Structures are given as C-alpha cells and as structure tokens.
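Everything below concerns the one structure shown next.
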Amino acid sequence: MSGISNPLQAPNEAQGAACGPADGGQEQVLTLDEAVAYASLLHRRGDLDEAEAIYREVLARREDHPDCLHFLGILMHQRGDDAAAETLIRASIERVANPAGQWNNLGNVFVESGRLDAALTCYESSLQAQPDGLDAWNNLATLYRSLGRIQDSVDAACRVVTLDPRHQGARRLLGYAYSRLGQTDQAIAVYREWLAQEPDSPVARHLLAACLGEMPERASDAFVQITFDAFADSFDQKLEKLHYQAPGLVAEALIKALGGAAGPFDILDAGCGTGLCGPLLRPLAKRLTGVDLSGAMLTKAKARQAYDVLHLAELCAYLHHFPASFDAVISADTLCYFGDLAPVAQAAAVALKGPGVLVFTVEALAAPPEEGVPYRLAQHGRYTHSPDYVAQVLAAAGFSAEGLEAVILRREGGVPVEGWLVTARRCASGGDQ
Ligand SMILES: C[S@@+](CC[C@H](N)C(=O)[O-])C[C@H]1O[C@@H](n2cnc3c(N)ncnc32)[C@H](O)[C@@H]1O
C-alpha cells in the first residue's frame, strides 16, 4: 500500500485570520491556510503534538477547514483513534469539490485497521473522483492481492504501470500476481522490462532469477535492504494479519533448549527485523543483540527497547566477527533469504560459545520433496528447504540437531505457509575455530 499521505497542498483559499506559531520570540501572523500548511510540515516531520495543537487551533477558528479536517484525521489514525480519524476525514470529504485524496487516505485507514471491504469502497470512490489516481490504483492492486483477487490485482497494477512506467512497487506486484496465476512467462516479461529500464535493479534481478529457476546462493544484500526498508513501516501490522508465528515458535524452542542451563544468556537475534522476537527473548537474556541488513527495520527494533545493542550488518559477516560470543543464536523467518545454509551454519558455529544453541525457521520445500533437491528459490523470492538438507548442513558445521519440527509459520494468500522449526546444539569439540 502507498502509505497514508499527508500532502502539503496548496491552500484552498486565503483566510486572512491570524494564527501565530511563535518563531524565535517573533510572533508570525499566519493565515489559517498557512497555519495548516505549517502544521502539515511538522506532521510529516513526526511532530504530532505540535501539529495537532495547530490543527485544533485552526478548527477552533474555522470548524469546516477541509484540509485541516483531513490532516487531523490522518493524525488521529496515527494516534490509534480510528473512529475520530473516520469522522474527520468524512467531514473533509463533504467539504471539497474533489475528495480523491481524502477517499484514498480513508481507504488506507481502513486497510490498516483490517476493514478491507470498507477500504475497497473508498479506493473506488477515490478513482471515481480522479480516474488516473496513481496511489489509489496502486493501493487497490495491493488490496486485491490481500483479498486473493489476483486477476483484479493484475488489472489494477497494469493501470499503475501505464500511468507511471517506472513504478517499482507496481511492477513487483504485477510480477508476483502473474506468478500466483501460474503465468510465469508474463512475470518474466515484467521483470525483463523492469531491467531494461533499470539494469542494476537488485529486486528485478532476484525475482527474474526466481522465475527462471536460477539459484543464487542467497538473496543479495541490496535486495534484502530494498525489500525491508520499504516494508518496515507496515511489517508488524501486516504480519499480525497473517497470523505470524515464527517469533513465538523460536522463543519457545529456545526456552526448551536452554531449560537446564544457568542463565541469563548472551543471545543474538540474527535478522532481528523490527524486533518482534525481542520482548520474548528479553527475560532470558543477560545481553540481547540484534543484527539486520535493513536500517529501517532496525529503527523499529530500537523503538521496542528490548535489545541491549543493534547492529546494521550482514548476519554471516557479523557472526564471523564475534567468535565464541553467544550462548544462543536465533533467526526467525530470515534464513528463507538464504539458499545455501552452509555459510550461516558455519558462521553460527564460530560465534557460539561451547555447546551453544542455534534455533531458526526455514520455509518447507513443497512436499513431496524431489529426490536430492536441497532447496529452491520460489517465485515469490524466498527459498524453501528440505529437512534432510538442513540436517546435513548442521552436521557438517558441527551441530547436533535436537529438533526439526514441522510448523505453520504464517498464512499467505489465505493458505498456511509450512516451515521447519530447527533446534541444534553446537558440539563443544567440533566447529572450534
Ligand atoms: C521476514 S523478516 C523477519 C524479522 C524478524 N526475525 C521477525 O521474525 O519478525 C527478515 C529479516 O531478515 C533480514 N535479513 C535477511 N537477510 C539478511 C542477512 N543476510 N543479514 C542480515 N539480515 C538479513 C531482513 O532485513 C529482515 O529484517
């Protein structure tokens, strides 16, 4: 979804009334429209308190100021008050000649609060008001995908690409939708066109490789960074809606594996993302470290205040830099961005102390596993692994496998995503480097 926008629009009309945010002791007299524009600037910079105070002051002077109602509605949504957000944005809709932006943002509010049918109506209203509304078409394409209406998602994403041929999000959506429909040739054509415009695009390269059945050893750092920097803001909400289980499963397995040992422990969360595992691991940890390639995901993890330290780094490189440093290394829903697991297992053996514990999840290679196929890069861009391969890689890196359990990691497109929950212990004598 294109995020909720807070456009600093040209003022609708000049007001002439005074409203003055103090500026260095010198009171500036602003028109109401200027005050709304100024508040909108503060709003986009994240200063919600100051922005809200100005919006409310403007509405005290002119209760039907349409932009002010609209922006305050967005702000109330950010504060978690969706009822107030809806009332304010609807009030704005009634007061403007073309409410395309308001309908689009109300749709976004509904998506984020899980009211997908209401969101659909809003995006459609937005497009009635502005048939070439790029954001509304893109949001509609994303929403159709969530609703499992894949052909509709293709049609909407095609509209976005027609309107803006360089729209990467829509190309990704389109390629994904063609893959879901089994139209691999169409997906390949989308990625090839994308590469023709942007030959170095790590996303287009990775997804094209997936469609062509090629097998890079892992997703490139650039692919991971671009993907998760863009996903960070909506990650927690989206994963919650997908009944995401990996953090809970990993934490439970770790508690079981550490059961007998005296804590607290030095724990590394490898690919910590927004830090969903953090609060679950915190009670076990003397020192809890997170490492991730995405700066935006790490910013979210920092806000959770569960980690002692967070590092922006590639996880294998990071593990090699900290030999014999951790009692446990966990990795939830991250090694699906690795095909070859040997480098991770070897690096974890380096970073673990003595008989340290490694717990992680991977996605399951579709059953029945083809003879001898260790892993695949699926068209959605993540890898799936066979359990025999996982066991073999762990043994080769000096681990004894203590658990290899079939689990459901989350749902996607309405169907469960099957995976393996893996617990392994470093053999104290093996893997010492
Ligand atoms: C699906 S998210 C899971 C995040 C978190 N573990 C959770 O369960 O919520 C995968 C994370 O792994 C990170 N990641 C993927 N490959 C990585 C690598 N090679 N090194 C470091 N981080 C990586 C991504 O940036 C992303 O934040």
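We count ligands from 1, going down the list as the structure has it; atoms in each ligand are counted the same way. Because the structure is predicted, anything quoted here is derived from the model rather than measured. Both backbone and side-chain heavy atoms feed into the values below; hydrogens, waters and symmetry mates do not.
A donor-acceptor pair under 3.5 Å is formed between the side chain of E314 and the backbone N or O of A317. No side-chain donor-acceptor contact under 3.5 Å links S126 to the backbone of C122. Between the side chain of T334 and the main chain of A332, a donor-acceptor pair closer than 3.5 Å is present. Panel note: side chain R425, backbone A257; a donor-acceptor pair is recorded below 3.5 Å. Checked by atom type and distance alone, the side chain of R426 never pairs as donor or acceptor with a backbone atom of G356 at under 3.5 Å.
Side chain to side chain, D340 and Y389 meet the donor-acceptor criterion of an N or O pair below 3.5 Å.
Protein heavy atom closest to atom 20 (N) of ligand 1, with residue, atom name and distance, is L315 N, 2.9 Å. Protein heavy atom at the shortest distance from atom 7 (C) of ligand 1 is Y244 OH, 3.3 Å. Among protein heavy atoms, the minimum distance from atom 2 (S) of ligand 1 is reached at F228 CE2, 3.7 Å. Protein heavy atom at the shortest distance from atom 1 (C) of ligand 1 is D333 O, 3.3 Å. Nearest protein heavy-atom neighbour of atom 15 (C) of ligand 1: V224 CG1, 3.4 Å. The closest protein non-hydrogen atom to atom 22 (N) of ligand 1 is L293 N, 3.3 Å.
Within ligand 1, counting atoms from 1 as listed, the ones closer than 4.0 Å to a heavy atom of L276 are 9 (O). Near E314, with a cut-off below 4.0 Å to any heavy atom, the atoms of ligand 1 are 18 (C), 19 (N), 20 (N). Counting atoms of ligand 1 from 1 in the listed order, those under 4.0 Å from a heavy atom of S294 are 25 (O). Near M297, with a cut-off below 4.0 Å to any heavy atom, the atoms of ligand 1 are 27 (O). Listed by number with element, the atoms of ligand 1 under 4.0 Å from a non-hydrogen atom of P247 are 8 (O). Atoms of ligand 1 found under 4.0 Å from any heavy atom of F338 (numbered from 1 in listed order, with element): 19 (N).
For atom 24 (C) of ligand 1, the nearest non-hydrogen atom from the set L319, D292, L335 belongs to D292. Comparing heavy-atom distances from atom 6 (N) of ligand 1 across G271, G273, A270, C336 singles out G271 as nearest.
Residue-to-ligand polar distances place T334 within reach of ligand 1: an N/O pair is separated by less than 3.5 Å.
Contact check on K256 versus E402 returns no salt bridge, with no Lys/Arg side-chain nitrogen under 4.0 Å from an Asp/Glu carboxylate oxygen.
Applying the salt bridge (Lys or Arg N to Asp or Glu O under 4.0 Å) criterion to E412, with sequence neighbours excluded, gives R382, R410.
Identified under the ring pair (Phe, Tyr, Trp, His ring centres under 6.0 Å) test for residues 277-317, with sequence neighbours left out: H311-Y318.
The proximity of A332 to ligand 1, defined as any non-hydrogen pair under 4.0 Å, involves the side chain as well as the backbone. Here A313 has backbone heavy atoms under 4.0 Å from ligand 1, and that is the only part of it that gets that close. Under 4.0 Å from ligand 1, the heavy atoms of C272 that appear belong solely to its backbone.
Between Y55 and H43, the ring planes lie perpendicular to each other; the angle is over 60°, past the 30° to 60° tilted range.
A 6.0 Å sphere centred on CD of Q197 holds more than 12 heavy atoms belonging to other residues, nucleotides or ligands.
Within the structure, the closest approach of F235 to ligand 1 falls below 4.0 Å when heavy atoms are considered. Heavy-atom separations between Y318 and ligand 1 are all 4.0 Å or longer.
In this structure, Y337 has its ring center closer than 6.0 angstrom to the ring center of F228.
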